[in-house]
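This is a predicted model, so every value here is computed, not measured. Numbered from 1 within each chain, the chains take letters A, B, ... in sequence-line order.
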Protein chains: 2
Amino acid sequence: MHRPRKEMIAETRAKLITAARNAFGTIGYAEASMDDFTASAGLTRGALYHHFGDKKGLLQAVIAEIDGEMAVRINEIASKAPTRWQHFVDECTTYIEMALEPEIQRIMFRDGPAVLGDPAQWPNANACVGSMTDHLTSLQQEGVVVPGVDPETAARLINGASSQAAQRIANSNDPEATSKTVVAAFKQLLEGLLKKQGPQSV
Amino acid sequence: MHRPRKEMIAETRAKLITAARNAFGTIGYAEASMDDFTASAGLTRGALYHHFGDKKGLLQAVIAEIDGEMAVRINEIASKAPTRWQHFVDECTTYIEMALEPEIQRIMFRDGPAVLGDPAQWPNANACVGSMTDHLTSLQQEGVVVPGVDPETAARLINGASSQAAQRIANSNDPEATSKTVVAAFKQLLEGLLKKQGPQSV
DNA sequence: CAATTGGCATACGATGCGTATGTGAATAGG
DNA sequence: CCTATTCACATACGCATCGTATGCCAATTG
């Protein structure tokens, strides 16, 4: 019987990540007491330090998990759109939709950068940008996107605009209406990447 | 002699703000000990609590000061460009340049949002966005910018892209070269706001 | 079955925070 | 000019949280 041991360990890690994710996503990283949320998982800080080194290490694990989930959702969008460009646009709007969740805003956009620094430097947490970069690269090779721009750079800039878009919608009095306005402006900005004439010809 | 009293008070406030700004901008908000940086200003936490209520209140004051300085620099750029659109673009690139400073990245883009929430909701700290919004509104009325988009929304999205642009340049191995690439991509995105044909006719 | 690993808890010291309270100097009123 | 009061700021205390050092028990290994 080799499994129970390994299973229990994995379960402990998962419980810690889940408990921390709940705490970080609601009251925030700084306000989350390690004693409190480890206790809510039926554990102590001893387990936390053993598995993740410190509070920042646990945050990294939480972020890696969320990033993975976001990447899955981004990739699920695939191939429903009539053109590759439209597909890319859909990907972006999906990203904005995900970014509407308070947990994602708090952990990925606010506390994460404050504690771990520039998100672009995070290990194991750039799946979404990677996906967008790939698509931009393809679109550029196909002649849909203007040749001058660096795909990864563009993906990063779009990411920044996306997160602002999501925050604006989420903090609005009328999210439904604001969403229309914001997404329209966002798509307009994306138009800047298109070659003049014939975006829908590919 | 009514002055010395008021002057001393103002000086105390200024010293606290300056000391906090240095601490927040270098080691970061969370790591900055109130005992330490008040002492470095020749004061104690008593003065801090008296004037600013708590650590967050002091951060708000620091942010208001930085925002004011950024707005001044943005407005100084005025009227050097041949067209109003070019003027707006220059404003954006100036914003990116300012955002290259580690102190601004740390306080305005990372710690600030984590501690005080969405920057769009900050009181007394939206001068830059306000300025950009005004220019976009004018440009739209003049027919340079496409009519559909909401100016403030667009300004916010551009702001998000700008901060990403700055972070990418600042964290690059070769900031000079990266700056060219990033600014080029950024300007390309801005093109999306222009009406087709004749951007330089106004 | 004995030895050892390691997953996790407990205990301790240190640090930083918020509040309550104290103090001395500057102002205002008579 | 003298007294009372305000108020800017310091000091003192208790509490929460963190990191580390240590201990224990179950599970694996040979």
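Listed pair Thr44(A) / dT10(C) fails the phosphate criterion, with no side-chain N or O lying under 4.0 Å from OP1 or OP2. Between His50(B) and the phosphate of dA8(D), there is a side-chain N or O to OP1/OP2 separation shorter than 4.0 Å.
Ionic pairing of Arg73(A) and Glu97(A) is not present here: no N-O contact between side-chain nitrogen and carboxylate oxygen is shorter than 4.0 angstrom. Ion pairing between Arg156(A) and Asp150(A) fails under the 4.0 Å rule for side-chain N and carboxylate O.
Atom P of nucleotide dA8(D) and atom CD of Glu7(B) are separated by 15 Å, given to the nearest angstrom. Distance CG (Leu48(A)) to C1' (dC18(D)): 11 Å, rounded to an integer number of Å. Between the CZ atom of Phe52(B) and the C1' atom of dC17(C) there is a distance of 18 Å, rounded to whole Å. Spacing between atom CD1 of Ile9(A) and atom C1' of dG7(C) amounts to 6 Å, rounded to whole angstrom units. Taking atom CE on Met8(B) and atom P on dT27(C), their separation rounds to 12 Å, with Å as the unit. Summarising the geometry, the separation between CG on Leu43(B) and P on dT11(D) is reported as 11 Å, rounded to the nearest angstrom. One interatomic measurement links the two molecules: CG of Asp54(B) to C1' of dA16(D), which rounds to 17 Å at whole-angstrom precision. The distance between atom CZ of Phe37(A) and atom P of dA16(D), rounded to the nearest whole Å, is 18 Å.
The backbone N or O of Arg45(A) lies less than 3.5 Å from no partner atom in the side chain of Asp35(A), so there is not a single donor-acceptor pair.
Between Tyr29(B) and Phe24(B), the two ring planes are tilted [angle within 30° to 60°]. Ring pair Phe109(A)/Tyr95(A) is tilted by interplanar angle, where 30° to 60° counts as tilted.
Arg21(A) meets the salt bridge (Lys or Arg N to Asp or Glu O under 4.0 Å) test with Glu65(A), Glu69(A), Glu103(A); sequence neighbours excluded.
Residues from residues 27-35 of chain A with heavy atoms under 4.0 angstrom of DNA chain D, sorted by number: Ala32(A), Ser33(A), Met34(A).
Among residue pairs with one or both ends in residues 49-62 of chain B, none qualify as salt bridge (charged side-chain N to carboxylate O under 4.0 Å, His left out); sequence neighbours excluded.
Taking every side-chain heavy atom of Lys55(A) into account, dC18(D) is the closest of dA9(C), dC17(C), dC18(D).
Nearest-nucleotide assignment on DNA chain C puts the 5′-proximal partner with His51(A), out of Arg45(A) and His51(A).
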